[in-house]
Structure formats: structure tokens, C-alpha cells
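Notes follow the structure.
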Amino acid sequence: MSDPALLALTEAAAEMAAGRLSSVELTQACLERTQATEAALNAYVVQTPEAALKAAHKADAERASGQVRGPLHGVPVAVKDLIDMAGLVTTCSSAVRRDFPPAHEDAAVVARLKDAGAVIVGKTHTHEFAYGIATPTTRNPWDTARIPGGSSGGSAASVAVGGCAMGIGSDTGGSIRIPAALCGLVGLKPTYGRVSRAGVASLSWSLDHVGPLTRTVADAALCLDAMAGFDARDPASLDVACAAASELGQGVKGLRIGWPSDYFLTDLQPAVAEAAAKARDRLASEGAEIVEVAIPHADLILAVEYALCLPEASSYHYETIRSRPHLYNEDVRIFLEAGALLPASVYLQAQRARLPIKAGFAALFEGIDALLAPTVAATAVPCDTPSLTWESGREEPLNPVYVRFSAPANVTGLPSISVPAGCDGQGLPIGVQIMGPALSEARICRIAQVLERLEPMAS
Amino acid sequence: MADDATDKDLDVAALATAAGLALSPERQALLAPILSGLMADFAVLDTVDLGETPPAFGFDPRAKP
């Protein structure tokens, strides 16, 4: 067996089921990987090795007695430090929370994963309060001079090096899918309301989603099935069953895949455009029908994303941005102060404009099963890069560079999965995303799995 | 992101006072072009005919908190 820390979750689960690997051995291997890489990456706010090994021993004892909770039984998982774990301070990677009390109870998603047998190995860095795409505390495992993406950059870095089999992320404008794309991983943002946000610090209530980052599509699907479920404490929670893994292995023959004729194909790196086109051609060669489509209300999407996010974030931080603004990092402070000054009419116009966008996408998905597009416009940039200048001559700040293609799924609440699609000329990972209609996680995972099989990533 | 004319039109000091934000003159000067740029970006929202479209939120009065 290769290093157990680098096994896919499904592979590790199979090894444990066959009695060739224990949860303690797997957890120790992951902890050793973190120990070997943490000085270079700084993925973790806090590690919990003692609690993890205790949970792993318990998982092994349960398995020995015939009690197996499911595919996540005994599997190491990392938790983005935006998400509560009982007894630990949820720092949100911010000095604002320096004196914050420890959480009284686990967030709903953590409780569900523990019930499924997961072993929590620690809490990972986020861009401060999830308000950014760089995660400046953390480095990209593919090139430590570059950003891992964000805001779930710590979870991505840890999963990429085998520090855990799955990292929990949150996604308000792409914060699961962006670091997944930049670190060569799979990132699954489910349908709005699929996973409870109770116990998760909010960036923007009407855009926030919680989901998994993993090394394979099957892993992401299985994790989502464990994470999803109704929770009355989250007003957006959906009371519908989730079976994201139910269509895996069925291929794409006969499926209609939308290919955008606009929006996703301007101002992006040529290598990203080529990778997306290659993914399209691969799906066609596997029997999918490619249908060129126009993205509805494309001109409104980014404006709606920011016009919702800024005021909602400033409302969440209402007290602290007024009493302790100096404790925020400058980029986040600027966002929060600007959001506090925006007129209410802007916010309400955005909430209203969201409905025709949502209706447009619903109509779009009446003609196609899913939409294929690049996840982000660029691969990982060097740390502290403020903006990119495109061939068109347009200079674009880094936040929209990465958010522009992921935001449609947040504004509409539709599910989207980012899957690796090769590397650029510098050896940096490229991601493409499959977006589908509401509650179509099983379908988009099925499609993403085909791309994963056709374009395996280098280790 | 902003042009000078828009910057002059925005009274950041008044907005900050209304919002209860204590912003230094330097901070106001920093935020003015950013806010103007955002407002320029958000102007596209005024170009769509929303008719009687309500905001995309609501609540279930039966639900317990």
C-alpha cells in the first residue's frame, strides 16, 4: 500500500473495511504529513492530534465490534476555522477574535461528520472571516511562493498534501471551488440550503454554502451525503434527501452539456481556456452532446454578488467594525467599511435582480443537464499580487479575477463542482466546474468523475 | 474604478456619520474612490426592468427560531 495519507477517502475506507489499515494508522499518517509540511504551508490554526487519535481508537474499536457508521468511519477530516468545534475558539483567522470564548458546541456540519465516524485533525486557516480569495496565512503546496486560493485555503492545502482526506470549506463567491482549482483538488459547493450553516460564522447569509474539498469526486460526493440534512436552526435549510454518490460511474453518454458562448470565455488565461475546451471535447468523446448556450443576465451576476455580499458582511460585523476596526486586516476592513456605507436601495435592487437571474438559469437548465465552464480565470498567482492585466488591456483586481466565474452558482444557489483539468505551462493546476440545476449534485458529480478519469492529476 | 466627478458627488463623511462609522479624513479619502467604483459597478442593476419583482427573500411564519 502507498502512503495511507495519500489514499483517496474511498480507497482508505476500503482498506479499513478489508482490515489492512486502521483508523489510528491512517490518522497517524495524516498527522505526520502535516508535521512534515506545516512549516512551509501553515494550513492550520490549531491541530488536535490527541483528540484525533482518541477518536481514531474509538473508530477502530467500533469497527472491531461490528459497528461501522459509513464510508467516513475513521477518516481524518479538517475543519475550516470559520466553523465551530466545541471547546475551541473559532478564530476566523482574525485578530478580532483574539479574546473570543471557545464554542459551546459543534457546528451542525461537524456534529454530522462526527456521527458519520469522521476523525477531526484540526482547524484550518481561512482568509480573514472568509472575506477574500488569497488566504495570506497559507501557501500553495504546488508552489509555496503562490496563494492557495481562498477563502478555504487552509483546508485545500491540507487535503492536497495528505494532511486529511477531506477539508470542510465554505463558499460565498467561490471559496470552496477557487482553492480546489488552485490546489488541484475537487471542491463541491452544494445547492443553497443542502448543508446547515448553524455554527458557521457568516460572510453573507444569502450567499453562504458549506461543502467538502477532497482529492477525488467520489470522495466529495460521499462527504456531501454525510454533511447534508435538514436543520431548523438554518433558515435556508432544505428538507430533502441527498444522494450525491448515487450516479457515480454512469458516464455521460446521452447527457446534454452546456458550453458557454459568453461570460466564461473572456479575460482568462489561455491555458485555462484550452483546458476547459479540452474538457468539453473529452465529454463529447465520451458520448455527451455539447450545446452552446448563452449565460442569462451575465452582465448582472457580479454586481449582484458584490451588492449582496458587502452589506450583509458589514451587517454581520456591525459592532466590531465600529468598535475595533484596527484589528481587521486592511483588505477586509476596507470591504467592511465600504459595505457599511452602501445605500439600502443597492442591496434591495440586488435581491430583486437575483430573481430574473435565477429564472434565467432555471430556463437554461430545461435544455441542458449541466453547464461546463472554467472554475476560475487564472491559476495560482504569486502571493501579494494585487491585480492581473488581460490581453484586452483591462486590469482587474484579484478578487473578481477569481470570483467572476464562480459567482453565478452563489447568486443562483445552484450546485457546482470544481474538478482538476490538467496544469498550465508552469505546472500549476487548472480547474473546470460543472454546474447543474437545483439539487442535481448526483448528476454533476457523475459528469465531474468522467473528467477526473480522463485527466488524472500528477501527484 | 472611479472617476473624479463621482468622487466629488459622494459625501463619505455624511455617509459615515449616518452609518455610525468614525472615519478619519484619511480613511474617508481612501474609501471615496472605492465606494464610487462600487456604485458605478452597481449602476447596471438600474438597467434591468424589475417591474413588480420582489426581493429574493421571505420566511416561513410557522417556523420556530
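Reminder, nothing fancy here: chain letters follow the sequence lines and each chain counts from 1. As a basis for the values below, the full set of heavy atoms in this structure was taken, side chains included, without hydrogen atoms, waters or symmetry mates.
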>> If you compare all heavy atoms of B:A19 against all heavy atoms of A:A340, which two are closest, and at what distance to 0.1 Å?
In response: CB-O, 3.6 Å

> Atom CG in A:L300, atom CZ in B:F42: separation rounded to 0.5 Å?
Replying inline: 12.5 Å

> Heavy-atom distance under 4.5 Å between the side chains of A:L342 and B:L35, does that happen here?
Replying inline: yes

> Do the side chains of A:Q349 and B:T53 get nearer than 4.5 Å, heavy atoms only?
Replying inline: no

> Using non-hydrogen atoms only, which part of B:V48 is less than 4.5 Å away from chain A: side chain, backbone, both, or neither?
Replying inline: side chain

> Do the non-hydrogen side-chain atoms of A:L341 and B:L23 ever get within less than 4.5 Å of each other?
Replying inline: yes

> Nearest heavy-atom pair of A:R352 and B:G51: which atoms, and what distance?
Replying inline: NH2-O, 2.9 Å

>> I need the residue from B:L50, B:L45, B:L21 with the largest number of non-hydrogen atom pairs under 4.5 Å to chain A.
In response: B:L50

>> What part of A:P356 gets within 4.5 angstrom of chain B, counting heavy atoms only: side chain, backbone, both, or neither?
In response: side chain

> Contact part of B:L31 toward chain A, heavy-atom cut-off under 4.5 Å: side chain, backbone, both or neither?
Replying inline: side chain

>> Could you check whether any side-chain heavy atom of B:P54 comes within less than 4.5 Å of a side-chain heavy atom of A:L355, counting everything from C-beta outward?
In response: yes

>> In the structure I gave you, are the side-chain heavy atoms of B:L30 and A:E330 within less than 4.5 Å of one another anywhere?
In response: yes

> Between B:A16 and chain A, which part of the residue has a heavy atom less than 4.5 Å away: side chain, backbone, both or neither?
Replying inline: both

> Which atoms of A:P325 come close to chain B, meaning under 4.5 Å heavy atom to heavy atom: side chain ones, backbone ones, both, or neither?
Replying inline: neither

> Quick one: what part of B:E52 sits under 4.5 Å from any heavy atom of chain A, side chain, backbone, both or neither?
Replying inline: backbone

>> Quick check on A:L308 against chain B: is it the side chain, the backbone, both or neither that has a heavy atom closer than 4.5 Å?
In response: neither

